[in-house]
Amino acid sequence: PYDLLVVGGGPAGAAAAIYAARKGIRTGLVAERFGGQVMDTVGIENFISVPYTEGPKLAASLEQHVKEYGVDIITGQRAANLSRNQLLDLELQSGATLQSRAIVLATGARWRQLGVPGEEEYKTRGVAYCPHCDGPFFKGKHVAVIGGGNSGIEAAIDLAGIVKHVTVLEFADTLRADEVLVRKAESMDNIDIITNAQTTEILGDGSKVNGLRYTDRVSGESKQLELAGVFVQIGLVPNTEWLQDSEVERNRLGEIVINERGATSLPGVYAAGDATTVPYKQIIISMGAGATAALGAFDYLIRTSAE
Ligand code: FAD
């Protein structure tokens, strides 16, 4: 068995594996795809001490760093269940089971997609999901935010300070965001809010986004907006469905509940990054959380090793 098994190979998982391996304990890392969401990112300008890098480049250095230690890396495998017996048993979708004394869960999250034509095609070429990450690329331009919940309205307020104009499109007849955020957005003169708007297509010129089409759900009319960017803010879904039969507590959004040491409700199981209740989902935050979870797990191991 492993002393510590990390599930996930994004920034959180890579940091956890490095911190664990540096303690000289037997460490494994299992991931569907090494690099995680970073692999889908083009420009990264907020990875502190590195003014500019690109996702695949950062993912390659993460992998190289992990490989400098004797971490057993298993990729192309999906975890399917987790249970505690003598040890912790991690069942893989392939049918195999990996055993470990402690586990760090770092399976990340995915942005909920609109599923309309143009979205996939123009991803990273005008279609964006993270205002903290990509907002500055649209300085002085007109953008849309799709989704009028808290994350959509926060994104609109945040972007309005950088871009020229923000149009918020909400499917329902009212915004679902907190009143205080709605009032703030309504008070800003470069934010427009359109409710009852069903986005039907993201338009582009073949190389980048130049607009979108939506249907006015009251009149049934199809309308078009000219834009340089579209921020999709309809939810971040944690990759934790596979834990539904486990004893690991999750909140109503599916995020793994952790304490300040990264411990979950199941002894010996720690978690880090976008899959957890951590309030902000970013690369640098995930890396710090991965380090915390590995140190938390190491503390657990030294306290239980006498058994
Ligand atoms: P992830 O990166 O999501 O990694 C999850 C890992 O778990 C992957 O290896 C995945 O294959 C694996 N996995 C998932 N489910 C399973 C399973 N069942 N079994 C086995 N393995 C599994 N943040 C920034 O700080 N700056 C940016 O500029 C930035 N830009 C972004 C741009 C885009 C397009 C996106 C999508 C995100 C961006 N982010 C950015 C956010 C950042 O990528 C995430 O906060 C960060 O990657 C989270 O790290 P993580 O390790 O928690 O999870």
Side-chain angles (χ1 to χ4, degrees), residues 5-18 28-48 50-59 62-63 66 73-82 90-94 96 98 103-113 119-120 122-137 229-233 235-244 246 248 254-256 258 262 271-294:
L5 182 60
V6 178
V7 191
I18 291 167
L29 182 151
V30 55
E32 201 174 356
R33 179 178 68 151
F34 202 96
Q37 290 167 72
V38 171
M39 284 301 284
D40 303 323
T41 306
V42 182
I44 301 169
E45 299 185 337
N46 58 3
F47 185 53
I48 307 311
V50 181
Y52 182 83
T53 186
E54 294 186 349
K57 190 171 164 212
L58 178 59
L62 280 178
E63 189 164 5
V66 174
I73 302 178
I74 308 162
T75 54
Q77 292 287 338
R78 273 186 81 88
N81 198 11
L82 171 64
L90 183 80
E91 274 170 53
L92 303 180
Q93 218 162 49
S94 65
L98 299 173
I103 284 194
V104 171
L105 302 171
T107 47
R110 58 191 189 272
W111 294 94
R112 184 169 282 135
Q113 310 213 338
E119 181 178 27
E120 195 58 47
Y122 290 109
K123 218 178 247 182
T124 75
R125 296 189 294 158
V127 175
Y129 297 85
C130 174
H132 316 300
C133 313
D134 297 341
F137 295 119
V230 178
F231 285 81
V232 181
Q233 295 289 306
L236 185 68
V237 191
N239 299 320
T240 60
E241 294 88 348
W242 64 280
L243 289 165
Q244 65 187 28
S246 76
V248 175
E255 296 168 336
I256 301 166
I258 52 168
D274 283 16
T276 72
T277 47
V278 68
Y280 304 109
K281 272 77 174 168
Q282 291 284 283
I283 296 166
I284 198 145
I285 294 172
S286 298
M287 285 187 180
T292 301

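Numbering of ligands and ligand atoms starts at 1, following listing order. Bear in mind the structure is a predicted one, so any value in this text is a computation, not a measurement.
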Around atom 20 (C) of ligand 1, find the nearest protein heavy atom and jot down its residue, atom name and distance.
Gln77 O, 3.4 Å
Protein contact of atom 12 (C) of ligand 1 - nearest heavy atom, named by residue and atom, plus distance
Gly8 CA, 3.8 Å
Can you tell me if Ala275 contacts ligand 1 (heavy atom of the residue under 4.0 Å from the ligand)?
no
Those residues at least two apart in sequence (or on a different chain) that pass side-chain hydrogen bond (donor to acceptor under 3.5 Å, both in side chains) with Asn239 are Arg110
Would you check whether Asp274 has a nitrogen or oxygen atom less than 3.5 angstrom from a nitrogen or oxygen atom of ligand 1?
yes
Residues Tyr122 and Glu120: side-chain donor-acceptor under 3.5 angstrom:
no
List ligand 1 atoms under 4.0 Å from Asp40, heavy atoms only on the residue side.
34 (C)
Tell me, which protein residue and heavy-atom name are nearest atom 27 (C) of ligand 1, and how many Å apart are they?
Cys133 SG, 3.1 Å
Pair Trp242, Gln93 - check side chain to side chain contact (heavy atoms under 4.5 Å, CB included), show working.
CA-CA 10 Å; Trp242 64 280; Gln93 218 162 49; over 6 Å; no
Can you tell me the protein heavy atom closest to atom 21 (N) of ligand 1 and the distance?
Glu32 N, 3.1 Å
May I ask you to identify the nearest protein heavy atom to atom 38 (C) of ligand 1, giving residue, atom name and distance to one decimal place in Å?
Thr41 OG1, 3.9 Å
Between Glu91 and Arg78, does a salt bridge (charged side-chain N to carboxylate O under 4.0 Å, His left out) hold up when you go through it step by step?
CA-CA 9 Å; Glu91 274 170 53; Arg78 273 186 81 88; over 6 Å; no
Roughly how far, to the nearest 0.5 Å, is the CD atom of Glu241 from the OG1 atom of Thr107?
8.5 Å
Give, for atom CG of Asp274 and atom CD1 of Ile256, the distance between the pair rounded to the nearest 0.5 Å.
11.0 Å
State whether the side chain of Thr240 and the backbone N or O of Gly254 hold a donor-acceptor pair below 3.5 Å, judged by distance alone.
yes
Can an N or O of Gln282 be found at a distance shorter than 3.5 Å from an N or O of ligand 1?
yes
Whether the side chain of Lys281 engages the backbone of Ser286 through a donor-acceptor N/O pair (distance < 3.5 Å, no angle test) should be reported.
no
Hey, which atoms in ligand 1 end up nearer than 4.0 Å to a heavy atom of Ala106?
5 (C), 6 (C), 7 (O)
Ligand 1 atoms in contact with Asn46 (distance to a heavy atom under 4.0 Å):
24 (C), 25 (O), 26 (N), 27 (C), 28 (O)
Do Ile283 and ligand 1 have an N or O pair less than 3.5 Å apart?
yes
Contacting atoms of ligand 1, where contact means under 4.0 angstrom from a heavy atom of Arg78
19 (N), 20 (C)
Show which atoms of ligand 1 fall inside a sub-4.0 Å distance from at least one heavy-atom site of Ala109.
3 (O)
Residue Lys281 vicinity, atoms of ligand 1 by number, heavy atom under 4.0 Å:
45 (O)
Would you check whether Tyr129 has a nitrogen or oxygen atom less than 3.5 angstrom from a nitrogen or oxygen atom of ligand 1?
no
Over 12 non-hydrogen atoms of neighbours within 6.0 angstrom of OH in Tyr280
no
Give the residue and atom name of whichever protein heavy atom lies nearest to atom 17 (C) of ligand 1, and the separation in Å to one decimal.
Ala79 N, 3.6 Å
Given Thr107, Leu243, Val7, identify the one with the heavy atom nearest to atom 15 (N) of ligand 1.
Thr107
From Ser246 OG over to Ile103 CD1, what is the distance, rounded to the nearest 0.5 angstrom?
10.0 Å
Give yes if a backbone or side-chain nitrogen or oxygen of Arg33 is under 3.5 Å from a nitrogen or oxygen of ligand 1, and no if not.
yes
Flag side-chain contact, heavy atom, 4.5 Å: Thr75 against Val30
no
In the structure I gave you, are the side-chain heavy atoms of Arg33 and Asp40 within less than 4.5 Å of one another anywhere?
yes
Any nitrogen or oxygen of Pro11, main chain or side chain, under 3.5 Å from a nitrogen or oxygen of ligand 1?
yes
among protein heavy atoms, the one nearest atom 53 (O) of ligand 1 is Gly108 CA, 3.2 Å
Say whether, by atom type as modelled, one donor and one acceptor occur between the side chain of Gln233 and the main chain of Tyr129 under 3.5 angstrom.
yes
Could you list which atoms of ligand 1 come closer than 4.0 Å to a heavy atom of Gly273?
52 (O)
Note: Gly35 and Pro11 closest approach over all heavy atoms is O-CD, 4.2 Å
Side chains of Gln77 and Ser94: donor-acceptor distance under 3.5 Å anywhere?
yes
Within the 4.0 Å heavy-atom shell around Gly10, which atoms of ligand 1 are there?
2 (O), 4 (O), 6 (C), 9 (O), 51 (O)
Qualifying residues under side-chain hydrogen bond (donor to acceptor under 3.5 Å, both in side chains), relative to Glu45, sequence neighbours excluded:
none
Report the part of Ala289 in contact with ligand 1, treating N, CA, C, O as backbone and CB onward as side chain, heavy atoms under 4.0 Å; options are side chain, backbone, both, neither.
neither
What do you reckon, does Ala12 have a nitrogen or oxygen under 3.5 Å from a nitrogen or oxygen of ligand 1?
yes
Ranked by distance from atom 37 (C) of ligand 1, the top protein heavy atom is Gln37 OE1, 3.6 Å
Purely on distance, is any nitrogen or oxygen of Phe34 under 3.5 Å from one on ligand 1?
no
Heavy-atom contacts under 4.0 Å between Trp111 and ligand 1: side chain, backbone, both, or neither?
side chain
